[in-house]
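As the structure is a computational prediction, the values presented were derived from the model and not from experiment.
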Amino acid sequence: MSTTENFDKSRRPAPARPPGAAVLLETVRNDLAATTLPLALPGVEQARLDLRNAVAQLDDYIIPRYRSLDAPLLAVVGGSTGAGKSTLVNALVGHAVTRAGAIRPTTRQPILLHHPRDARWFENDRVLPGLARIRGTLTAAPSDAGASGRGQAPVASLVLVGDPAVPAGIAVVDAPDVDSISDDNRQLAGQLLAAADLWVFVTTANRYADAVPWRLLLDAASRDILVAVVLDRVPPAAEAEVSADLHAMLSREGLGGARVFVVPELPLDATGMLPAAAVEPLLGWLRDLAADAAGRAEIARRTVNGTVRALVGRVEAAALGAEAQITATDVLAADVRTSYDDAVARILEATRDGALLRGEVLARWQDFVGTGEFFRAMEQNIGRFRDRMGAFFRGEPAPAVRVEAAIETGLQAVIIDEAANAAERTDQRWRSDPAGRQLLGTDDLSGTSGGFAATVAAEIRAWQGSLMELIRTEGQGKRTQARWLSFGINGLGAALMIVVFSMTAGLTGLEIGVAGGTAVVGQRLLEAVFGEDAVRRLAKTAREDLHTRCLGLLLQEQQRFQKRLDIGTGVPPAVLAQHAAALRKLAAAA
C-alpha cells in the first residue's frame, strides 16, 4: 500500500436509528462529557482521565456497537514494542500491508484491513468517529504511512484498506505499541483497543510477563472481551515451558478462556514475510469467527455488555468525584462564611460594649453635653436641663455634628479592621487547602477590596441618616414634637447613637457601658423627650439597622472569595448515580 486518497464523506451511509439502549447510552455519554472536576483534589487528574476515556469508549465502541450488533467484528492487534505485530498482520493476509522494521516506533498511522464487501461499515464514523477516514490502496510494497519518527503531529486519521484476503465479517487493525516511546502512539493504541470487539495480543517468549500489556489484559478481563494471545518468536526448546507459564498467568487473572497461539522463531523470507503455515492456526480461528454470523453477534453482544458493566464503575466514580468537588466547595464556602460571620459578631460586640465610647467619641460627646457639674444639674432637674440643652442645641449645632463625625470615624475603623482580619483568615485557610490554593492562584485577597473604606463611610452616614429619620418619625405627635424640635435633630441623633453604643446587656434596662455616667445624659435626654419605652424601641431599631448594614458590607466583601466557588460540576452527582444504576440494569438484562 503506497498511495492514499481522502475518502468522500458524501458516500457514507446515514447512521441507523438508535434503539432504546443507545438512547440511554447517548444520554450518559453527553452527561459524562458535561461533567467537570475543576478543583485540584487528590486523584482528580486520574478521575478526569477516566472521564475522558469513558466518553471516548462510548463514542468509539459502545454506542456504535449497540446500534449495529450485526456489523463485522473489529479485531485489534496490539502488543509491546518489537513484538512483531506488523509482521503478524502481513502474514495473516499473505502480503505486506504494514511496515515492519527495527526503527521504533514503526506502526503509527493505524491501518484497518477489511474485506471489500464490508467497506460500508467502516467508511462512515460508526466506530472511532474522532479519526478521519483515508482510503488506501494495495500495492507491491507497504506504505510509509505506517512508519514514523519522533516529533510528528498526532495521528488524526484511519487508513482503510479493502483486501480480499481478509475474511468477510471481521476487520483487523494494526495498532501502535502499547508501550511506545511516543505518548501519542500509546494513547492511540489505548483508543483502538477500547474500540475492539476482540483483542489479538502479540508478545514474545521473553516479554510475555511485561507489566504494560498485562494491565490491558486485565482491562479485557473486566470487559469480558474475547482475547487471543499470540506468543511470537518462541524457540522450540522453550515452547512447552513458556506456553504453560503463560496459560497459568492467564488463568490466575481471569483470562483462562483466552486462546493462545504460538508462532515459532522462524527466519523471514526476502520480503520480510513469515511462512504462511506459522500463522495458519490463528488465521483459521479468525475465519471461523467471521463465517458464523450468529456467533459474531454473540461475541459483539458479550463484549459490549461487558464494556457497559465496566462503564458502570466509571460512572459511579464520576458521581463520587463530582460529589467530592461539591463537598470541597462547601468546605471552602464554610471557611468564608465563618470568617466573615465572626467579623460581623465582633463588630457588633464593639458597638455595644462601650468600646466606641472611648477616645475621640467620648471627648466630642463630653464637649457636646458639658461638664460634670452640668450632669449633676441634669440629674436634679430634667426640666431645667431641657431648657439649658434646648438653648445650647439651637445656638450651637456644630458639636453634635462633631460627635457624629467621631462616631463615623471610630465605627469605620472597627469595620475595616475586622473585614481585613476576616479576609486574612480566609486567605490562610484556603491556602492550606489544595483546592483553595488553586482558586486563589497568585491573587492576594488577604486585605479589604479597593474602595471598601469609602463604601463603609457612606454606609455609616446612611445609618446615621436613618437614625435622624427615626427620631423625626417618633416625634410626629403634637406632645413630643415641640420637645424634640427644642433639642434639635442632630443632638437627639447623637444621643441615640451614644445609647446604642453603651448597651452591654441587650435591650433590657439599657445598661450603661464603658463610658460610665457619660451615656446617662443621652439616655435621660431621650427618655425626657420620647419616654422610656420609645427609647428602647428606637435603640432596638437602630441596632438592628446597624447589624443589617454591617452584614451587607461584609457579605459584599466575601463575594471576592465566594464568586471563585461558582464552578459547578456540570451534571449533579445524583444524576450520574442514576445513570450508573440504569446501566447496571441494562447490563444485567442483557
Carefully, step by step, assess Gln325 and Val44 under the rule side chain to side chain contact (heavy atoms under 4.5 Å, CB included). CA-CA 9 Å; Gln325 294 275 318; Val44 74; 3.8 Å; yes
Side-chain contact test, heavy atoms from C-beta onward, threshold under 4.5 Å: evaluate it for Leu51 versus Leu37 and give yes or no. yes
Taking only Lys NZ, Arg NE, NH1 and NH2, and the carboxylate oxygens of Asp or Glu, determine whether Arg560 and Asp443 approach each other closer than 4.0 Å. no
Phe561 and Trp430 aromatic ring geometry - parallel, tilted or perpendicular at 30°/60° bounds: perpendicular
Can you give me the closest heavy-atom contact between Leu69 and Ala300, atom names plus distance? O-CB, 4.0 Å
Looking at CD1 of Ile567 and OG1 of Thr329, how far apart are the two atoms once the value is rounded to the nearest 0.5 Å? 4.0 Å
Would you indicate whether the side-chain heavy atoms of Asp163 and His95 approach each other to under 4.5 Å? yes
Check: Ser182/Asp184 side-chain N/O donor and acceptor closer than 3.5 Å: no
Between Tyr66 and Leu586, is there a side-chain heavy-atom distance shorter than 4.5 Å? yes
For residues Ser180 and Arg186, is any side-chain donor paired with an opposing acceptor at under 3.5 Å? no
Can you tell me if Asn305 uses its side chain to pair, donor with acceptor, with the backbone of Ala587 under 3.5 Å? no
Separation between CE (Met249) and CH2 (Trp214), nearest 0.5 Å, reads 4.5 Å
Please check if atom CZ in Arg437 has more than 12 non-hydrogen atoms from other residues, nucleotides or ligands closer than 6.0 Å. yes
May I ask you to decide if Tyr340's main-chain N or O and Gln558's side chain share a donor-acceptor pair within less than 3.5 Å? no
Heavy-atom count around Glu280 CD within 6.0 Å, excluding the residue itself: above 12? yes
Does any part of the side chain of Ser339, heavy atoms only, come nearer than 4.5 Å to the side chain of Arg429, both counted from C-beta? yes
Stepwise, does the side chain to side chain contact (heavy atoms under 4.5 Å, CB included) test hold for Val172 with Asp174? CA-CA 7 Å; Val172 178; Asp174 185 14; over 6 Å; no
Do you know the tightest heavy-atom contact between Leu311 and Ala54? CD1-CB, 3.8 Å
Output the distance between atom CD (Glu316) and atom CG (Leu576), rounded to the nearest 0.5 Å. 11.0 Å
Return the CD1 to CG distance between Ile134 and Leu160, rounded to the nearest 0.5 Å. 9.0 Å
So, does Arg296 use its side chain to make a donor-acceptor pair with the main chain of Ala290 at under 3.5 Å? yes
Are any side-chain N or O atoms of Gln57 and backbone N or O atoms of Ala194, one a donor and one an acceptor, separated by less than 3.5 Å? yes
Would you say the side chain of Ile170 lies within less than 4.5 Å of the side chain of Leu198, judging by non-hydrogen atoms? yes
The reported gap from CG in Leu113 to CG in Asp118 (rounded to nearest 0.5 angstrom) is 12.0 Å
Within the structure provided, determine whether Ser80 and Val212 are in side-chain contact (heavy-atom separation under 4.5 Å). no
Mind listing the closest non-hydrogen atom pair of Tyr61 and Ala195 along with its distance? CD1-O, 3.2 Å
List the steps and the verdict of salt bridge (Lys or Arg N to Asp or Glu O under 4.0 Å) for Asp177 and Lys85. CA-CA 9 Å; Asp177 302 330; Lys85 300 181 301 299; 2.3 Å; yes
Trp121 backbone acceptor or donor facing Arg126 side chain under 3.5 Å: yes
Distance in Å, Leu286 CG paired with Arg259 CZ, rounded so as to fall on 0.5 Å steps: 10.0 Å
Just checking, is any N or O donor in the side chain of Asp50 or Gln46 under 3.5 Å from an acceptor N or O on the other one? yes
One thing to verify: whether Glu45 and Arg48 come together as a salt bridge, which I'm taking to mean a side-chain N less than 4.0 angstrom from a carboxylate O. yes
Note, Arg215 side chain near Leu218 side chain (heavy atom, < 4.5 Å): no
Spell out, as yes or no, whether a donor-acceptor pair under 3.5 Å connects the side chain of Trp199 to the backbone of Leu193. yes
For the student: nearest non-hydrogen atoms of Val161 and Arg135, plus distance: N-NH1, 3.8 Å
Can you check whether Thr203's main-chain N or O pairs, donor with acceptor, with Asp232's side chain at less than 3.5 Å? no
Which heavy atom of Gly306 sits nearest a heavy atom of Asp224, and at what distance? CA-CB, 4.2 Å
For Arg337 and Asp330, the nearest pair of non-hydrogen atoms, with its separation, is NH2-O, 4.4 Å
I'd like to know if the side chain of Arg207 reaches the main chain of Thr81, judged simply by a donor and an acceptor atom lying under 3.5 Å from each other, with no hydrogens or angles considered. yes
Between the main-chain N or O of Val304 and the side-chain N or O of Arg65, is there a donor-acceptor pair closer than 3.5 Å? no
Please check if the side chain of Arg133 supplies one atom and the backbone of Leu131 the other of a donor-acceptor pair under 3.5 Å. yes
For a 4.5 angstrom cut-off between non-hydrogen side-chain atoms, does Leu74 reach Leu112? yes
Given the rule in the side chain to side chain contact (heavy atoms under 4.5 Å, CB included) test, do Leu274 and Leu268 qualify, once you have shown the distances and angles that lead to the verdict? CA-CA 5 Å; Leu274 277 169; Leu268 306 180; 3.6 Å; yes
After noting the C-alpha distance and the side-chain angles of Ile299 and Thr303, does the key distance pass the side chain to side chain contact (heavy atoms under 4.5 Å, CB included) rule? CA-CA 6 Å; Ile299 291 171; Thr303 301; 4.2 Å; yes
Before accepting this row, confirm whether a basic side-chain N of the pair Arg120/Glu123 lies closer than 4.0 Å to the acidic partner's carboxylate O. no
With the threshold set at 4.0 Å, does a side-chain nitrogen-carboxylate oxygen contact exist between Asp427 and Arg431? yes
